[in-house]
Amino acid sequence: RGYLARQQFTHTRAAVVQLQSCVRMYQARQNYSRVKSSTVKLQALSRGYIARKRYSQTRAAITTLQAFTRGYLARRLYAKIRSVVTIQALVRGYQARKHYFDIKASALVFQAYTRGCLTRKQYIRDRARVITSQAVVRGYIARKRYSQTRAAITALQAFTKGYIA
């Protein structure tokens, strides 16, 4: 009768411990999910605010600069149109702009290539870090399971030896 009661108690206790573990895990996941969701929303809102503010400031600065530049170019063009030198200046300006845009296009291609290489390298580094982190966590879980299994086996052996003796 005592043996059956101990067995039932052991079985019931194991079930209760398992149930408590599941409930605590569920609560932790829920809390983590709420915190993560709130954090993501807050980040999205702040990034949006910063982007809108930066866009507004940039647009205002560009508009002022464009107005100044257009006024300056109009006054300059008016002064140069009066002479033959004006034609030479316009041709040279066109050639310089063309050269500038050719160089700029080459620079953009180079920048795109460089950024692509850097992004790929970063991706490879990030992937390696993730794989390493996963290996560490899996190793920890395996060691923990092994320790729990060993403790359970030891307890069972002790119990069995105690029962036989």
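Counting begins at 1 with the first residue of the sequence.
- Other residues, nucleotides and ligands contribute over 12 non-hydrogen atoms within 6.0 Å of the CD atom of Q66.
- A donor-acceptor distance shorter than 3.5 angstrom exists from the side chain of T39 to the backbone of V35, with no hydrogens or angles considered.
- Rounding to the nearest 0.5 Å gives a distance of 10.0 Å between CZ of R70 and CG of L65.
- To the nearest 0.5 angstrom, Y26 atom OH is 12.0 Å from N31 atom CG.
- For the pair Q111 and L108, the minimum side-chain heavy-atom distance is below 4.5 Å.
- Taken from CD in Q8 to OH in Y3, the straight-line distance is 12.5 Å, to the nearest 0.5 Å.
- No side-chain donor-acceptor contact under 3.5 Å links R59 to the backbone of Y55.
- If you take NZ on K104 and NE2 on H99, they are separated by 14.0 Å, rounding to the nearest 0.5 Å.
- S33 places no side-chain N or O within 3.5 Å of a backbone atom of R29 that could act as its donor or acceptor partner.
- Donor-acceptor pairing under 3.5 Å is lacking for the side chains of Q57 and R54.
- In this structure, CZ in R138 is found 11.0 Å from OG in S133, a value given to the nearest 0.5 Å.
- Residues S56 and R52 are not in side-chain contact: their nearest non-hydrogen atoms beyond the backbone lie 4.5 Å or more apart.
- Note: I131 CD1 to R129 CZ = 12.5 Å, rounded to the nearest 0.5 Å.
- Minimum interatomic distance between F159 and R6 (heavy atoms only, all atoms of both residues): CE1-NE, 4.0 Å.
- Cluster annotation: V16 and L19 are assigned to distinct hydrophobic clusters (Ile/Leu/Val/Met/Phe/Trp/Tyr, side-chain heavy-atom contacts under 4.5 Å, transitive).
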